[in-house]
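A short worksheet on the structure shown next.
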Protein chains: 2
Amino acid sequence: MTSIAREDYLKAMWKLGSSNIGTLELANHLEVTPASATNMILKLSENGLVMHKPYKGASLTDTGLKQALSVVRRHRLLETFLSKTLGLSNEDLHVEAERLEHALSKNLENSIAEYLDNPVRDPHGHPIPGPNGEILTNDDIVLSDCPINSTTLIRQVPDEDLEILLWLKNNGIILGQKMYIKSKNNFDDSLVVEINDSLIEISSIISKLVYVTRE
Amino acid sequence: MTSIAREDYLKAMWKLGSSNIGTLELANHLEVTPASATNMILKLSENGLVMHKPYKGASLTDTGLKQALSVVRRHRLLETFLSKTLGLSNEDLHVEAERLEHALSKNLENSIAEYLDNPVRDPHGHPIPGPNGEILTNDDIVLSDCPINSTTLIRQVPDEDLEILLWLKNNGIILGQKMYIKSKNNFDDSLVVEINDSLIEISSIISKLVYVTRE
DNA sequence: TATAAAGTTTAGTCATGGCTAAAAAAATTT
DNA sequence: AAATTTTTTTAGCCATGACTAAACTTTATA
């Protein structure tokens, strides 16, 4: 009843936000056709994992959310584990964890968590949900919402897009890095920040994927 | 074209020996019906992984053997990796590796092999096939074929059966252990061996699963 | 507000990999 | 050698999760 496909749908819905997820949006995210997404939404709905209002969108139920967070937990624990043991580069972690997450038993999940001392952040700074779906409450804020003329500390970088990840690394935008926000372009919402005495322009897209805390 | 089910069939055929594997034997090993096994044998045959003589049995082709050994390599590398990092007990290793082996990418396989310094034995003493299917030539012999009144060293214990594994451990039959073969029962082919000054009777079934070398 | 466009669902198809029941071949007994 | 048992295959069915094409809502535009 729980399958790889179902877990992928639940995780995708979690990523896309809390409510009224469009079929097309979900289908695009999973690279399937809208018809396939409708099909699966109906099945998940029958199993009480998803709420579906025809033509209006779908959202996770409490049970569905819990299962989605379980997948996310496995993913992030795996990233942390592979990083610590094999020293995989930050760019490789996501792809490998994506393959393994569905095959991780509860037992192995527990062993890994214990081995890592129950970490609350993965190597990209993302919070790791607890065994029952508890998620770390943090005061990380998205970079694009940050006030000008503030000093911030980088807390989360995205993990999926290789190109973005490499760009961030090449420009010194890494976890724990201090960064001063100089200005914001009112036309395209890009930012100019100062890192280690050099100025860097951060596109609007990227500034929505990086999270920071105020210093 | 390569799927979990197909990999399981190839691995099972490898385990069952080199040629003329019966449909029923294969089906029993995989806990599917004979009809399902016939079905899959035909598919693998179409893909050149298996030779099938109707009503006579099936066997792996060179390509099929190579793919089977690739699965075995992943399995045994995973066992070794999980043992070394998480310190999983010997009894847990098999089950966990069984789940993960199909999801291990070539990249991760390589990383793990390198991390472990290209091991040639897994924690149960089984040889780990190389990246191209090369298997360690060793002079391990099956315990049941061992001459009486010889001193032997335990080199391989089975990994699948929990009960057997626990019995072996509880009786001191572990890798590297010295063992003296005292006698053989001509009726049931069981053995009596001396380990650490105590005598142990080993059933015929188990004596076919343990491999040793002469001292 | 009527129409076009965008998004969603329905209907029907396909491959995969199970299953059962029945037919056919091979091996074993009598 | 004939009959029986065992093994294997064939035929047909089912669930899963993709797909296309067409129908149907909803939203946006003229």
Side-chain angles (χ1 to χ4, degrees), chain A residues 1-61 64 67-68 71 98-99 101-103, chain B residues 1-60 63-64 67-68 71 98-99 101-103:
Chain A
M1 210 213 78
T2 309
S3 66
I4 295 178
R6 286 158 121 86
E7 287 195 344
D8 280 338
Y9 274 88
L10 294 175
K11 190 177 60 166
M13 290 185 71
W14 173 77
K15 274 189 198 165
L16 291 175
S18 46
S19 64
N20 279 48
I21 300 157
T23 305
L24 187 64
E25 194 186 2
L26 183 58
N28 286 339
H29 193 268
L30 289 165
E31 295 183 288
V32 297
T33 59
S36 300
T38 300
N39 197 313
M40 183 61 90
I41 286 170
L42 291 181
K43 283 182 186 165
L44 294 173
S45 194
E46 279 168 21
N47 285 291
L49 301 172
V50 152
M51 268 284 293
H52 183 225
K53 295 187 201 148
Y55 291 102
K56 292 299 180 186
S59 55
L60 292 170
T61 62
Q67 291 196 19
V71 183
E98 199 78 8
R99 299 182 58 134
E101 61 191 14
H102 303 293
Chain B
M1 211 211 81
T2 310
S3 66
I4 294 178
R6 285 157 121 87
E7 287 195 344
D8 280 337
Y9 274 88
L10 294 175
K11 190 176 60 165
M13 291 185 71
W14 173 79
K15 273 188 199 164
L16 292 175
S18 44
S19 62
N20 279 49
I21 301 157
T23 304
L24 187 64
E25 193 186 4
L26 184 58
N28 286 338
H29 193 269
L30 289 165
E31 296 184 288
V32 297
T33 60
S36 300
T38 300
N39 197 309
M40 182 60 91
I41 286 171
L42 292 180
K43 282 182 187 167
L44 294 172
S45 195
E46 280 167 21
N47 286 290
L49 301 172
V50 151
M51 269 284 294
H52 182 225
K53 295 186 200 149
Y55 291 101
K56 291 300 180 183
S59 56
L60 291 171
T63 320
Q67 290 196 18
V71 183
E98 199 78 7
R99 299 181 58 134
E101 62 191 14
H102 304 292

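Below, each value reflects all heavy atoms present in this structure, side chains not excepted, and no hydrogens, waters or symmetry copies. Each chain gets a letter, A, B and so on, in the order the sequences are listed, and its residues count up from 1.
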query = Does B/R6 place a side-chain N or O at less than 4.0 Å from the phosphate oxygens OP1/OP2 of C/dT16?
reply =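 For C/dT16, neither OP1 nor OP2 has a side-chain N or O of B/R6 closer than 4.0 Å.
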
key: Distance test, side-chain N/O of A/H52 to OP1/OP2 of C/dT8, below 4.0 Å   =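 A/H52 to C/dT8 OP1/OP2: no side-chain N or O under 4.0 Å.
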
From [atom1] of [X] over to [atom2] of [N], roughly how many Å is that when rounded to an integer?
| X | N | atom1 | atom2 | result |
| --- | --- | --- | --- | --- |
| B/N20 | C/dA26 | CG | P | 14 Å |
| B/K43 | C/dC14 | NZ | P | 15 Å |
| A/L44 | C/dT9 | CG | P | 13 Å |
| B/M40 | C/dA15 | CE | C1' | 12 Å |
| B/Y9 | C/dT16 | OH | P | 14 Å |
| A/N39 | C/dG12 | CG | P | 14 Å |

Could you tell me which non-hydrogen atom of [X] sits nearest to which non-hydrogen atom of [Y], and how far apart they are?
| X | Y | answer |
| --- | --- | --- |
| A/N20 | A/S59 | N-CB, 4.0 Å |
| B/A12 | B/H29 | CB-ND1, 3.7 Å |
| A/D8 | A/L30 | O-CD2, 3.7 Å |
| A/M13 | A/L26 | CG-CD1, 3.7 Å |
| B/R99 | A/H102 | NH2-O, 4.3 Å |

request  = Report which part of the nucleic acid A/T23 touches: base, sugar-phosphate, or nothing (heavy-atom distance under 4.0 Å, all strands).
outcome  =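 Counting heavy atoms under 4.0 Å across all strands, the contact made by A/T23 is with sugar-phosphate only.
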
ask   = Reckon B/K56 touches a base, only the sugar-phosphate, or nothing at all at heavy-atom distances under 4.0 Å?
value = sugar-phosphate

Given A/L24, A/N39, A/N28, the one that forms side chain to side chain contact (heavy atoms under 4.5 Å, CB included) with A/P34 = A/L24

request  = Tell me, with the steps shown, if B/Q67 and B/L60 meet side-chain contact (heavy atoms from CB on, under 4.5 Å).
outcome  = CA-CA 10 Å; B/Q67 290 196 18; B/L60 291 171; over 6 Å; no

remark   = Counted 5' to 3', the first and last nucleotides of DNA chain D within 4.0 Å (strictly under) of a heavy-atom of chain B are D/dT7 to D/dT10

ask   = Hey, does A/N47 have a side-chain heavy atom less than 4.5 Å from the side chain of A/R6?
value =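 Of all side-chain heavy-atom pairs linking A/N47 with A/R6, at least one is under 4.5 Å.
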
task = Flag the pair A/K11 / A/E101 as yes when at least one side-chain heavy-atom distance between them is below 4.5 Å, and no otherwise.
result =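 Result yes, sub-4.5 Å side-chain heavy-atom pair found.
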
key: Strand-adjacent residues in residues 26-37 of chain A, judged by heavy atoms under 4.0 Å from DNA chain D   =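 Correct list: A/V32, A/T33, A/A35, A/S36.
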
